[in-house]
Amino acid sequence: VLRACARKAGLDDAAMQAEVDAGKFKGEVDRRVGEARAQGVQAVPTFIVADKFAIQGAQEYGVFKQAMERLGVAPK
């Protein structure tokens, strides 16, 4: 999947694969996963709304609308 995405983005998929295999991005991925966990992220997808609410998992429109209303920004 990563190689196909790299090709679609116009990148050299073999070079990208070699960098992934060498662990080039592991530290950055681990750092970002740690940041997400520190924010309470436990599901994918998770939407952080105005740094105040974390909406986790696939949710219906009403859940997002309620978050916006609590922020004082009611969607139309």
Side-chain angles (χ1 to χ4, degrees):
V1 171
L2 286 175
R3 288 183 78 147
C5 290
R7 273 192 306 274
K8 190 172 183 178
L11 302 174
D12 180 339
D13 65 321
M16 182 277 312
Q17 186 68 56
E19 290 182 353
V20 169
D21 291 345
K24 180 174 182 177
F25 305 105
K26 186 178 182 329
E28 180 67 13
V29 170
D30 290 345
R31 183 183 70 76
R32 290 185 181 221
V33 167
E35 287 177 359
R37 287 188 178 142
Q39 289 183 314
V41 173
Q42 298 178 11
V44 175
T46 295
F47 302 92
I48 307 295
V49 182
D51 290 329
K52 295 183 185 245
F53 304 109
I55 300 173
Q56 298 195 34
Q59 299 292 328
E60 295 186 10
Y61 171 77
V63 174
F64 292 93
K65 183 178 178 189
Q66 183 180 20
M68 295 296 129
E69 288 170 347
R70 290 181 66 188
L71 289 169
V73 185
K76 296 178 182 180

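Just the heavy atoms: all of them, side chains too, but no hydrogens, waters or symmetry mates, feed the values below.
The CD atom of Q66 sits 8.5 Å away from the CZ atom of F53 when rounded to the nearest 0.5 Å. Taking CD from Q17 and CG from D12, the interatomic distance works out to 11.0 Å, rounded to the nearest 0.5 Å. Atom NZ of residue K52 and atom CG of residue L71 lie 6.5 Å apart, to the nearest 0.5 angstrom.
Residue V49 is grouped with residue V63 when hydrophobic side chains (ILVMFWY) are merged at heavy-atom distances under 4.5 angstrom, including chains of intermediate members. Under the 4.5 Å side-chain heavy-atom criterion for grouping Ile, Leu, Val, Met, Phe, Trp and Tyr, L2 is connected to F25 within one hydrophobic cluster. Transitive grouping of hydrophobic side chains (ILVMFWY, heavy atoms separated by less than 4.5 Å) brings I55 and M68 into a common cluster.
For residues 35-48, every residue pair satisfying the salt bridge (Lys or Arg N to Asp or Glu O under 4.0 Å) rule, not counting sequence neighbours, is listed here: R31-E35.
Shown here is D51, whose CG atom has no more than 12 heavy atoms of other residues, nucleotides or ligands within 6.0 Å. Counting heavy atoms of neighbouring residues, nucleotides and ligands inside a 6.0 Å radius, atom CZ of R70 does not exceed 12 of them.
Between P45 and A58, the shortest heavy-atom contact is CD-N, 4.2 Å. D30 and K26 get closest at one heavy-atom pair: OD2-NZ, 2.7 Å.
Side chain of Q56 to main chain of A43: a donor-acceptor pair is present (N/O by atom type, distance under 3.5 Å, no hydrogens or angles).
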